[in-house]
Amino acid sequence: MKILVVDDEKDIQALFEQRFRKEIRSGEMEFAFAFSGEEALIFLEDSGQEAVLILSDINMPGISGLELLRRIKEKYKEPPPIVMMITAYGDNDNHQTAMHLGANDFLTKPLDFNFLKEQLKGYLHD
Amino acid sequence: MNEAAFAEYTKNLVQQGAVGSDEKYVTENRPTDLYLHFLPFLQGMLYVGNDAPLKEQELQLVQNLAEAFSTAYARYEDFTKLEAAKSAVEAAMDELRATQSQLVQQEKLASLGQLTAGIAHEIKNPLNFVNNFSEVSIEMIEEVLEEREKTRLSDRLGRESTDGTLVDDILKDIKVNLQKIHKHGTRANGIVTSMLLHARGGSGKKEPTDLNALVREYVNLCFHGMRAGKNPIHVEIVLDLDTEMGLTPLVKEDFTRVIINLCTNAFDAMRSKSISDQSGNYVPRLRITTKKEAQTMTMVVEDNGPGIPDEIKDKIMQPFFTTKKGTEGTGLGLSISHDIVKAHGGSLNVEIKESEGSAFVIQLPIV
């Protein structure tokens with residue numbers, strides 16, 4: 001299962017690679033990283049929807065995570081990729097907008113990786 | 001008029017409060033009959049009693065006297081009014097000064113409010129790394145301990161040792177993690193420190209400041225503040241900062257307000273354009289440029305919003321002038337920014353490009 005992580009914070013890559021090192025080592029999960037919404041769209045275009053699960057930050061310069069979510073849900077329909085939003089703002093507006101745009105989940109920073117791991121495994125085995 | 005009538009008349013005047021007492025009119029050799037002459041003027045009346053009717057010439061003289069008196073009285077009244085007006089103005093000025101300093105304080109808090117969401121965002125991001133890198137490091141240390149246990153077991157059983165490179169790799173990762181934790185902790189500390197500086201005010205003295213760093217920090221806070229606020233918009237932020245900038249003498253806590261204010265205004269302007277835009281092709285863009293020259297430095301905050309109509313161009317720096325509805329703006333932001341830049345010995349001017357948005361240009365002396 002390939003997971004695309006989108007965040008403008010570069011350290012997110014090291015964090016995910018360590019937090020999921022066992023899953024990566026065993027080949028259970030594979031991660032790709034994009035540091036902006038634009039990069040994420042290019043990645044999806046090039047990889048031909050290889051990523052089945054996208055984890056995106058909301059607040060990034062340029063295309064925001066919500067805009068990215070809207071474009072992904074508009075462009076990729078069959079099968080629809082799972083998109084989970086991650087944000088440092090746990091406010092209701094962002095949450096509702098994300099859900100309205102078809103987000104599968106809404107997580108807030110600081111991230112609870114144990115919870116995230118369970119969620120990912122849940123999607124993986126579905 | 002005979003004596004009795006005169007006494008009655010004087011009594012009346014005393015009753016009406018027109019004269020103080022009748023004593024000075026009652027003299028030893030008082031005439032039994034009087035001819036009274038009444039000469040009214042604007043504020044009162046002059047009356048002249050004489051034992052014979054006044055001649056034309058005398059009457060004219062008394063008339064002149066009445067007029068002169070009227071003029072003098074009018075001046076006196078004006079003066080009294082002026083005195084009252086002066087003290088009223090002074091009281092109003094005192095009140096205004098008190099209100100103004102209160103409003104300036106409120107505006108300062110409002111600009112802090114605009115940042116709160118940005119600050120929360122900026123702290124939660126490093127916190128995310130601090131929490132998670134430390135947790136994952138604990139896991140990794142446990143892994144190292146497990147590996148060493150395995151090695152000890154293998155040694156005891158006389159088997160070949162397990163691969164030591166895994167442990168080395170994990171240790172290297174832990175070291176990098178601790179560096180990252182430190183980096184993000186420092187980052188969070190920096191944010192809180194500058195927030196407190198902004199809220200409390202610092203020394204009030206100009207200090208050599210890395211303007212580019214200040215711009216990066218506060219534009220970012222403003223952006224996240226806006227994103228977390230009402231009606232967030234997508235904005236492309238372009239920072240074109242002169243790498244040769246060096247240090248600029250700035251009262252940091254004051255100058256940050258200028259940055260916050262100009263950015264907030266730009267976001268508001270671009271939001272209104274993005275609401276009215278029909279084409280769907282409008283991309284809000286905030287560009288901040290810094291440039292160092294021989295004697296001065298220039299900072300430009302430019303947006304591609306709707307621009308500023310010509311007719312209000314001259315008013316925007318005035319205190320309390322605002323285009324925002326109701327409680328959305330105090331009308332003090334630009335005026336305070338203008339004062340702050342002026343206090344730095346610089347200038348804040350606006351350049352409007354028709355249909356291309358507006359640019360606020362700050363010029364500051366650097367020597």
Side-chain angles (χ1 to χ4, degrees), chain A residues 5 7-26 35-38 41 55-71 74 85-98 101 107-117, chain B residues 116-140 142-143 166 169-170 172-177 179-184 187-188 191 216 219-221 223-239 283-286:
Chain A
V5 180
D7 200 316
D8 61 321
E9 297 267 354
K10 294 240 161 60
D11 277 347
I12 210 82
Q13 178 164 0
L15 183 61
F16 270 78
E17 282 173 351
Q18 290 187 19
R19 275 294 194 173
F20 289 100
R21 66 195 181 288
K22 283 179 188 157
E23 289 76 7
I24 293 169
R25 238 182 271 152
S26 73
F35 299 111
S36 70
E38 287 84 348
L41 286 173
L55 281 169
S56 176
D57 184 28
I58 288 188
N59 290 282
M60 299 179 285
I63 299 178
S64 80
L66 291 175
E67 176 64 14
L68 177 68
L69 167 67
R70 193 185 65 76
R71 293 199 198 175
E74 195 178 77
M85 303 310 292
I86 300 171
T87 177
Y89 312 146
D91 67 286
N92 231 0
D93 275 5
N94 272 318
H95 188 183
Q96 277 176 1
T97 313
L101 288 171
L107 307 174
T108 53
K109 287 181 187 173
L111 266 179
D112 180 346
F113 270 85
N114 294 326
F115 179 75
L116 177 64
K117 211 175 273 189
Chain B
T116 346
I119 291 164
H121 180 267
E122 285 307 282
I123 289 175
K124 284 199 174 183
N125 266 317
L127 208 61
N128 184 36
F129 289 121
V130 170
N131 279 7
N132 279 302
F133 275 122
S134 56
E135 253 181 47
V136 83
S137 297
I138 295 169
E139 283 176 24
M140 290 165 112
E142 278 163 5
E143 225 174 295
L166 179 66
D169 285 347
I170 295 174
K172 270 183 219 148
D173 279 346
I174 293 173
K175 186 183 170 190
V176 173
N177 287 357
Q179 283 164 346
K180 287 193 192 300
I181 290 168
H182 184 257
K183 181 178 93 181
H184 289 287
R187 180 179 157 198
I191 292 156
R216 268 188 227 106
V219 170
N220 189 38
L221 286 180
F223 171 74
H224 286 296
M226 180 276 291
R227 290 289 318 162
K230 266 192 213 157
N231 308 317
I233 52 166
H234 308 295
V235 177
E236 200 182 299
I237 294 176
V238 185
L239 298 181
V283 181
R285 188 176 297 111
L286 176 72

Contact between Arg21(A) and Val136(B) at the side-chain level, heavy atoms closer than 4.5 Å - yes or no?
yes
Does any non-hydrogen side-chain atom of Lys109(A) lie less than 4.5 Å from one of Leu127(B)?
no
Contacting region of [X] [heavy-atom separation from chain A under 4.5 Å]:
| X | answer |
| --- | --- |
| Val235(B) | backbone |
| Asn177(B) | side chain |
| Glu139(B) | both |

Any residue meeting salt bridge (charged side-chain N to carboxylate O under 4.0 Å, His left out) with Asp11(A), in chain and number order, not counting sequence neighbours
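Once residues adjacent in sequence are excluded, the partners of Asp11(A) under the salt bridge (charged side-chain N to carboxylate O under 4.0 Å, His left out) criterion are Lys180(B), Lys183(B).
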Could you report the tightest heavy-atom contact between [X] and [Y], atom names first, then the distance?
| X | Y | result |
| --- | --- | --- |
| Phe113(A) | Asn132(B) | CD1-OD1, 3.0 Å |
| Leu15(A) | Phe129(B) | CD2-CD2, 3.9 Å |
| Leu111(A) | Asn128(B) | N-OD1, 2.7 Å |

Chain B contact via Ile63(A) - which portion, at a heavy-atom distance below 4.5 Å:
neither
Could you state the interatomic distance from CZ (Arg227(B)) to CD1 (Ile58(A)), rounded to the nearest 0.5 Å?
8.0 Å
Which one of Arg285(B), Glu236(B), His234(B) has the most heavy-atom pairs closer than 4.5 Å to chain A?
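Counting heavy-atom pairs under 4.5 Å, the top option is His234(B).
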